[in-house]
Amino acid sequence: MWSANSFQRKVIEYYRQHGRKHLPWHGTKDPYRIWLSEIMLQQTQVARVIPYYEAFLERFPTIVDLAEASSDEVMHLWSGLGYYSRARNLHKAAKIVAKDFAGTFPQDPEEIEALPGIGRSTAGAIAAFSFDKPTAILDGNVKRVLARCYGIEGWAGKSAVLKSLWAKAEKNTPSQNTAQYNQAMMDLGAVVCTRSKPKCEQCPLAKECYALKQDMISELPGKKPKKTRPKRSVYWLVCIDNNQVLLHKRPPSGIWGGLWCFPELDQTAPIPEHYEQLSSFVHKFSHYDLEVQPLLVKKLSKTGIMEPNETDRFALNLFDKKKQAKTTAIGLPTPVSNLLASLS
DNA sequence: AAACCGTGGTA
DNA sequence: TTACCAAGGTT
């Protein structure tokens with residue numbers, strides 16, 4: 001096994017020769033742009049992020065622009081990207097930076113990590129890429145490279161495994177050229193040391209890789225234990241009146257928090273008396289299946305749905321179905337957007 | 001510790 | 001087709 005120093009040199013040399021250097025967030029040290037890219041890239045692939053990243057920056061060029069925006073418009077620009085708490089936390093953090101840091105992004109890794117939505121790895125990435133701090137990262141790419149290279153077994157969701165991976169990440173991270181090293185590790189994991197069919201013949205670490213030597217590539221890194229996904233069944237009420245569609249804003253926490261949705265009823269609840277069934281469908285989340293039966297409601301007697309209730313959970317929002325969401329800056333979950341499109 | 005939180009591509 | 005999962009963080 002080589003020294004940390006040798007490991008670093010091989011990884012950085014690989015990056016200098018073969019790494020990706022022209023993604024939209026490369027070539028900048030603007031912490032706002034680095035931060036935005038890191039958040040969007042959480043559990044999301046590069047190709048999918050790029051158009052969202054560019055549209056977001058076009059609308060909010062600076063962190064103060066973002067801080068001053070409405071939550072509906074922020075969610076609108078995140079619609080379809082998923083994991084919407086990222087957008088809510090991003091907006092929240094922008095307001096904190098604008099107010100508590102006079103609009104200047106903090107450089108101290110601990111202050112960065114204290115912002116909502118930024119964990120240890122994302123804080124390390126921002127601090128290294130923007131401010132040349134010697135901070136380590138441990139995203140999915142780095143986890144995969146380290147687990148295979150050093151034979152670190154077990155699922156990273158287990159705290160002991162995660163601790164072991166962090167220890168190796170810290171040990172291997174150089175105090176100089178940290179940004180380049182971190183970028184190189186991400187790139188190596190994303191392009192060469194992929195989950196399936198890694199390109200070991202292109203890997204600068206292949207000579208000493210534990211997983212390759214032991215023929216354990218498919219076993220490392222350890223997989224998350226699988227469990228059966230439950231199914232939930234709901235009605236969505238499609239209430240159209242005067243060319244407008246009734247939507248309500250979901251509460252800030254929970255699934256699709258802060259996004260606008262058709263009024264939703266559990267299938268045990270009483271439903272309107274006059275309706276027409278539209279085509280049902282199943283929306284698959286990572287942790288459960290949602291079976292949706294849309295009901296085109298003809299008459300709203302005895303449902304109470306059209307009345308904003310005491311707690312204001314059913315705020316009324318009528319918008320022009322012909323204009324769709326394109327001219328209406330609100331957040332819409334993908335299946336809501338799809339159903340709206342099918343109505344016009 | 002383990003559940004929660006989206007979506008679309010891939011095999 | 002189903003199952004897995006991609007630059008994680010919060011509770």
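Chain naming here is simple, since letters A, B, ... match the order of the sequence lines and numbering starts at 1 in each. Side chains included, hydrogens not; waters and symmetry mates left out as well; all remaining heavy atoms used.
Screening residues 157-184 of chain A for ring-ring contact (aromatic ring centres under 6.0 Å, His included) gives no qualifying pairs among residues at least two apart or on separate chains.
A straight line from CG of A:Leu41 to P of C:dG8 spans 8 Å, rounded to a whole angstrom. To the nearest angstrom, P of C:dT10 lies 17 Å from NE2 of A:His287. Atom OH in A:Tyr83 sits roughly 10 Å away from atom P in C:dG8 (whole-Å rounding). The distance between atom CG of A:Leu115 and atom P of C:dT10, rounded to the nearest whole Å, is 10 Å. In this structure, CG of A:Leu146 is placed 14 Å from C1' of C:dA7, rounded to the nearest angstrom. Taking atom CD1 of A:Ile112 as the reference point, atom C1' of C:dG9 lies 16 Å away to the nearest angstrom. What separates CE of A:Met40 from P of C:dG8 is a distance of 15 Å, to the nearest Å. Distance CD (A:Gln43) to P (C:dT10): 13 Å, rounded to an integer number of Å.
Residue-level contact check: A:Thr334 touches the backbone only, with heavy atoms under 4.0 Å from sugar-phosphate atoms and none from bases. Contact annotation for A:Gly257: no contact, since no heavy-atom pair falls under 4.0 Å across all strands. Counting non-hydrogen atoms under 4.0 angstrom, A:Leu81 reaches a base of the nucleic acid. No engagement by A:Ser196 is indicated, since no non-hydrogen atom pair under 4.0 Å with the nucleic acid exists. Among the protein residues, A:Arg20 comes within range of the nucleic acid bases, having at least one heavy atom under 4.0 Å from a base atom. Here A:Ser37 lies out of heavy-atom contact (under 4.0 Å) with every strand. At a threshold of 4.0 angstrom between heavy atoms, the contacts of A:Val49 with the nucleic acid are absent. Within 4.0 Å (heavy atoms only), A:Lys227 reaches sugar-phosphate atoms of the nucleic acid but no base atom. Across all strands shown, A:Leu23 has heavy atoms under 4.0 Å from base atoms, whether or not it also approaches the sugar-phosphate. Nucleic acid contact for A:Trp155: none, since no nucleic acid atom lies under 4.0 Å from a heavy atom of the residue. Across all strands, A:Gly254 comes closer than 4.0 Å only to sugar-phosphate atoms, never to a base (heavy-atom distances).
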Run the side-chain hydrogen bond (donor to acceptor under 3.5 Å, both in side chains) check on A:Asn172 and A:Tyr150 step by step: do they pass? CA-CA 12 Å; A:Asn172 276 13; A:Tyr150 294 102; 2.9 Å; yes

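Atom name C1', nucleotides C:dT10 and B:dA1: the rounded distance is 13 Å, in whole Å. Comparing B:dG8 with C:dG9, their P atoms sit 23 Å apart, to the nearest whole Å. For C:dA7 and B:dA11, the P atoms lie 15 Å apart once the distance is rounded to whole Å. Nucleotides C:dC5 and B:dC5 have their C1' atoms positioned 15 Å apart, rounded to a whole Å.
By the 30° and 60° cut-offs, the orientation of the rings of A:His18 relative to A:Tyr14 is tilted. Between A:Trp78 and A:Phe56, the ring planes lie perpendicular to each other; the angle is over 60°, past the 30° to 60° tilted range.
Among C:dA6, C:dG9, C:dA7, the nucleotide with an atom closest to any side-chain atom of A:Ser121 is C:dG9.
If A:Leu259 and A:Gly157 are placed on DNA chain B by their nearest nucleotide, the residue sitting closer to the 5' end is A:Gly157.
Side-chain N/O atoms of A:Arg86 include none lying less than 4.0 angstrom from OP1 or OP2 on C:dG8.
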Check residues 109-123 of chain A and write down every donor-acceptor pair under 3.5 Å in which the side-chain atom is one partner and the other belongs to a residue at least two apart or another chain.
unit_1   : atom_1 : unit_2   : atom_2 : d
A:Arg120 : NH2    : A:Glu170 : OE2    : 2.7
A:Ser121 : OG     : A:Leu138 : N      : 2.9
A:Thr122 : OG1    : A:Gln42  : NE2    : 3.1

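Atom NZ of A:Lys231 is surrounded by 12 or fewer heavy atoms from other residues, nucleotides or ligands within 6.0 Å.
We find that A:Arg16 and A:Glu13 are joined by a salt bridge, their nearest charged nitrogen and carboxylate oxygen being less than 4.0 Å apart. Of the charged side-chain nitrogens involved, none lies within less than 4.0 Å of a carboxylate oxygen, so that A:Glu291 and A:Arg232 do not count as a salt-bridged pair.
Residues satisfying the side chain to side chain contact (heavy atoms under 4.5 Å, CB included) criterion with A:Lys213, sequence neighbours excluded, are A:Glu208.
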Can you give me the N/O atom pairs linking the protein to nucleotides 1-3 of chain C at distances under 3.5 Å, or say none if there are none?
none

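With a 4.5 Å cut-off between side-chain heavy atoms of Ile, Leu, Val, Met, Phe, Trp and Tyr, the cluster of A:Tyr210 takes in A:Met216, A:Leu220.
For the 3.5 Å distance criterion, the side chains of A:Arg86 and A:Thr44 qualify, holding a donor opposite an acceptor.
For DNA chain B, the contact window with chain A, defined by any atom under 4.0 Å from a protein heavy atom, covers B:dA1 to B:dG8 in 5' to 3' order.
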